[in-house]
Amino acid sequence: MMAEELTIGFLPLVDACLPILAREHGFAEEEGLSLRLVKDISWATVLDRLLYGHSDAAHLVAPLAIATTLGRGRPAQPLSVPFVLGLNGNAITFRPELAAQVGITGGLGDPTAVGAALRPIALARAEAGRPLRFGSVHRYSSHNYMLRYWLAACGVRPDQDVEIATVPPPFCADALEAGEVDAICVGEPWNSVAVERGAGRIALATAQVWRRGVEKVLALREPVLAERRDAVERLIRAMCRAGRHFVDPANRDANAAILARAEYLDGNPGLIGRAISDRLLLARGGEIVHFPDFMFQYREAANFPWVSQAEWLYSQMVRWDRMAFDPVDARKVARVFRPDVYRSALVGTGEPLPGASSKVEGSLHQKTAVGTQQGAMTLESNRFFDGRVFDPSDIAGYLAALG
Amino acid sequence: MPACAALQHAMRIALVDESSARASVIREGLATLADCEVFVVTERRGLVVRIEEIAPDIILIDLGNPSRDVLEEYFAVSRALARPIAMFVDESDEEAIAASIDAGVSAYVVDGLAAGRIRPLIDVAVRRFNAFARLQADLDEARGKLAERETIDRAKRILMDGRGLTEPKAYAEIRKAAMDQGRKIAEIADAIVTAHKLMGEG
């Protein structure tokens, strides 16, 4: 029987790893799938190819799937997310001068302390008419929301006290070097590229802002998911196997070498290998530090599309696009993440499936065993650095409390 | 300065393309349209400022341009443009935009611009983009052929030097090997050159 072809769009980032490895290690083939991967260099183009049928599915920044469903920037088209490609994996990198000014030396900074030291500098710069400029990779990216969440919680108002501009990942190091931005929030390997060039110092990992923050997702047009449901479920199984392979330290170098190839990231396997193993060189000439769970691709059912994650992203979209909270929109958003598809793909396999599809985000401060539909599951801390919790049953209340 | 829906003025088209060769091919095509003014932007730096100066009614930018996300951010937040620019304005444009995406160019249109004015413009852009892509493919093929010929010449030289063959005899040997193995002459030549390099004689 001929393998069924699925075309998947992606950007050359380490967290495009699961579809790539599902293809390269034959996991997709064993599920009767032939994966065709299409590389682009802007999210706008990855999205256009998805919307106009050049691709069946896409590696996408999670908030963009929600923005597209709500018709922000393009006419509304409902997208579906049956699989989360990973949690976190981004960092905030400062220009070396700014890092020195806020007193970051040695290891990663503490988000509260760095924020407190940054605040007077940001306010003075704003006062002087030369506000600090932060770069983030896309308006509708988790990077943008994590950065804004952290700044706002530290009393630095995005768009008022500091500017936030879009900088494509490959230009982040350039932009830091040229002083176009003072700091960036970007995924790997781009922070490390800036460090290697002496253009920046990694100050914080986004995992310090939200310990289990949703990052890239696999997105499809809703009608395509319905038409290709069986193939998508097979893809989910193949990507789960790829995830298990990806997090096994024994496979690090081999996987880094695959991802580094010209047709994928076209990058340095050494830097990619570091990101895979949660190791970061924070400053040129410094020591490599190990930050566990910097990237989070598999454990704790990391790929499960919790509806509450989509709802948190929506809360941030309301906040930063300065929209009114709309219960109708909130319901549309809740339908974007599809735990039902994830469950149906993995029921009967060895993968754990949580009992619930939504949770109070940020509520776990220690290892907690949770009820499951299948297998055993222990979730570790998922806290936000400021200790707030997000209860998806009261988004309006959460927004009001954020002010 | 702001773009105007009734378009008393010529339609202002900003063409953002880092390939200046392609930009000139497309510009030439657009110049055939009546009532159009075309502005080409090839520089990545200062893109947004330049767009603001041009105050375009339509922006064309190729799908491979890394600045698309920067541009879309600008459309979302800018108050400098009179009316927001969107990927397309209404349903009737959708077919035109789909064709442009297929050709590898995206189009952003100022809200309120009549569909009747958009269509011919996008048709021209799509035709020119496709023509340029074909040209590029022909050029790549020609370059490939040239590279093949060079490899065959080098393989012949290796056989002539190493085994004291004449040029016609060296070529005949390569050709015979290709026929025996059911492979292309260029592949055999490539194998000879590679083997020669590996033996440290390259």
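In the text below, chain A, chain B and the rest are named by the order of the sequence lines, each starting its count at 1.
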Residues B:Glu72, A:Arg74: salt bridge by 4.0 Å N-O rule
yes

Other residues, nucleotides and ligands only: do more than 12 of their heavy atoms fall within 6.0 Å of CZ on B:Arg183?
yes

Could you list the residues that satisfy side-chain contact (heavy atoms from CB on, under 4.5 Å) with A:Ser315, not counting sequence neighbours?
A:Trp312, A:Phe390, A:Ile395, A:Tyr398, A:Leu399

Between the side chains of B:Asp69 and A:Arg139, is the shortest nitrogen-to-carboxylate-oxygen separation below 4.0 Å, so that they form an ion pair?
no

Between A:Tyr140 and chain B, which part of the residue has a heavy atom less than 4.5 Å away: side chain, backbone, both or neither?
neither

If you count heavy atoms of other groups shown closer than 6.0 angstrom to CE of A:Met323, is the number above 12?
yes

Kindly check if the number of other-residue, nucleotide or ligand heavy atoms within 6.0 Å of CZ (A:Arg125) is above 12?
yes

With rounding to the nearest 0.5 Å, note down the distance linking OG in B:Ser106 to OH in A:Tyr52.
9.5 Å

Just so I know, are the side chains of A:His138 and B:Glu73 near enough to count as touching, which here means a heavy-atom distance under 4.5 Å?
no

A:Ile164, part contacting chain B, at a heavy-atom distance under 4.5 Å:
backbone

Where do B:Gly64 and A:Ile41 come nearest, in terms of heavy atoms and distance?
O-CD1, 3.0 Å

Structural part of B:Asp102 lying under 4.5 Å from a heavy atom of chain A:
both

If you draw a 6.0 Å radius around CZ in B:Arg44, do more than 12 non-hydrogen atoms from other residues or ligands fall strictly inside?
yes

Side chains of B:Val70 and A:Pro168, heavy atoms from C-beta outward: is any pair under 4.5 Å?
yes

Measuring from atom CG of B:Leu71 to atom OG1 of A:Thr166, what distance do you get when rounded to the nearest 0.5 angstrom?
10.5 Å

Can you tell which part of A:Ala165 gets under 4.5 Å to a heavy atom of chain B, answering side chain, backbone, both or neither?
neither

Side chain to side chain, B:Arg68 and A:Trp43, heavy atoms closer than 4.5 Å
no

Interatomic distance, A:Ser42 atom OG to B:Ile61 atom CD1 [nearest 0.5 angstrom]:
8.0 Å

